[in-house]
Number of protein chains: 2
Amino acid sequence: MQRMTRQRAAVVEVLADSEEFRTAQQLHEMVREQGHSVGLATVYRTMQAMVAAGEVDVLRTAEGEAMYRRCAATEHHHHLLCRECGRTEEIDAALVEQWAESVGRAHRFSNIEHTAELFGTCADCAADEDV
Amino acid sequence: MQRMTRQRAAVVEVLADSEEFRTAQQLHEMVREQGHSVGLATVYRTMQAMVAAGEVDVLRTAEGEAMYRRCAATEHHHHLLCRECGRTEEIDAALVEQWAESVGRAHRFSNIEHTAELFGTCADCAADEDV
DNA sequence: ATATCACTTGAGAATGATTCTCATGAGCAG
DNA sequence: CTGCTCATGAGAATCATTCTCAAGTGATAT
């Protein structure tokens, strides 16, 4: 049902060019820097649709802000995010899945979901701070 | 430096009587149901202070809303939260700590922090649904 | 008990992210 | 090309949270 519009294309393109997680606001600004004119509401709508379609990852900062990133892997996974530069590593976490399952079972909870994100300072940024 | 005021006492009491995680808004309402009059801003301020002091746990719902709960354990830990009734299990997650550390090291990230919460349906609520 | 004073409070304004409204615009099937 | 329907955008609306600042009140010394 999704129509391909100029706006949607612009948002998708910016997202595709970006390695890291971005807030909707950042995406909006990036799109206009590219010369396109797209409403903020449209950025939000596009992100919602893509999240629903499993085409992007979402995560929440400690402040509760949503961040989006294109997502190649369709399987469930987690992230390690540099809090300085936003660089993101996609990490495999079979361990966490197992942990979640077993803890859930131990407490007799069903239908377990979980969130898990790591934040840190990447090697490059840590080096910069020594200056 | 924390003064004990009527308002702060009321908030602390409501929190103490509550087993589960509550939003600031819920706490505010509960306090007034108890007959006390406390401003919403004060609830937020009190929660901020208690979080800083490590006396309460915070977590974010998928929608980015903050929820608070009194916290006996002073050590770092995680939660398993029933999405139906809000019931909370405090879980030990030495495994997750180790995982976070080792993943961080593997990617040469320093100063690792992490979030991890589990959501599910507890046995009681699962039983109710069969009706 | 009293005065003192810095820390608290509360009502409402301010902020910031996100969602909604609705009139207008534009894909796309026929 | 036409028409129908969904998409868009500007701004209003919503929601959680924080800020502002005048007025209130613990804690402490007197």
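The figures here come from the full heavy-atom set of this structure, side chains too, leaving out hydrogens, waters and symmetry mates. Just so we're on the same page: letters track the sequence lines, and every chain starts at 1.
Among residues at least two apart or in separate chains, salt bridge (Lys or Arg N to Asp or Glu O under 4.0 Å) pairs with a member in residues 9-25 of chain B are B:E19-B:R70. For residues 10-34 of chain A, the set of pairs meeting the ring-ring contact (aromatic ring centres under 6.0 Å, His included) definition, not counting sequence neighbours, comprises A:F21-A:H79.
Counting only distance, with no hydrogens or angles, the side chain of B:T88 and the backbone of B:G86 share a donor-acceptor pair below 3.5 Å. Side chain of B:S18 to main chain of B:V14: no donor-acceptor pair is present (N/O by atom type, distance under 3.5 Å, no hydrogens or angles). A:S102 contributes a side-chain N or O that, together with a main-chain N or O of A:W99, makes up a donor-acceptor pair within less than 3.5 Å. A side-chain donor-acceptor contact under 3.5 Å links A:Q26 to the backbone of A:T23.
With sequence neighbours excluded, the residues that form a side-chain contact (heavy atoms from CB on, under 4.5 Å) with A:A9 are A:M4. Contacts of B:A49 classified as side-chain contact (heavy atoms from CB on, under 4.5 Å), with partners at least two apart in sequence or in another chain: B:Q2, B:R8. For A:F119, the ring-ring contact (aromatic ring centres under 6.0 Å, His included) criterion is met by no residue, not counting sequence neighbours. Residues satisfying the side-chain contact (heavy atoms from CB on, under 4.5 Å) test with A:A41, not counting sequence neighbours, are A:R45. In this structure A:E33 satisfies the side-chain contact (heavy atoms from CB on, under 4.5 Å) test together with A:E29, sequence neighbours excluded.
Rounded to whole angstrom, the span from the CZ atom of A:R8 across to the P atom of D:dG9 amounts to 11 Å. One atom, CE of A:M67, and another, P of C:dA17, lie 12 Å apart when rounded to the nearest Å. Rounded to whole Å, atom C1' of D:dT8 lies 13 Å from atom CZ of A:R32. Atom C1' of nucleotide C:dT9 and atom NE2 of B:H28 are separated by 12 Å, given to the nearest angstrom. Spacing between atom CD of A:E29 and atom P of C:dA17 amounts to 12 Å, rounded to whole angstrom units. The distance from atom CD of B:Q25 to atom C1' of D:dC15 is 8 Å, rounded to the nearest whole Å.
Within residues 35-53 of chain A, the residues that place at least one heavy atom under 4.0 Å from DNA chain C are, in residue-number order, A:L40, A:A41, A:Y44, A:R45, A:Q48. Sorted by residue number, the list of members of residues 12-21 of chain A with any non-hydrogen atom under 4.0 Å from DNA chain C is empty.
At D:dG9, one or more side-chain N or O atoms of A:Q7 fall inside 4.0 Å of OP1 or OP2 (strictly under the cut-off).
B:Y44 and B:Q25 share a side-chain donor-acceptor pair at under 3.5 Å.
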Practice prompt. Spell out protein contact along nucleotides 25-30 of chain C as letters: B when the base is contacted, S when just the sugar-phosphate is, - when no protein heavy atom is under 4.0 Å; keep the 5' to 3' order.
Written response: -BBS--
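Between the axis at the start and the axis at the end of the helix from C:dA1-D:dT30 to C:dG30-D:dC1 there is an angle of 30°, using five pairs per end and rounding to 10 degrees.
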Quiz: residues 105-114 of chain A side-chain donor-acceptor pairs under 3.5 angstrom, not counting sequence neighbours:
from   : atom 1 : to     : atom 2 : distance (Å)
A:H107 : ND1    : B:E89  : OE1    : 3.2
A:S110 : OG     : B:T121 : O      : 3.4
A:H114 : NE2    : A:H76  : NE2    : 3.1
A:H114 : NE2    : A:H78  : NE2    : 3.1
A:H114 : NE2    : A:E97  : OE1    : 3.4

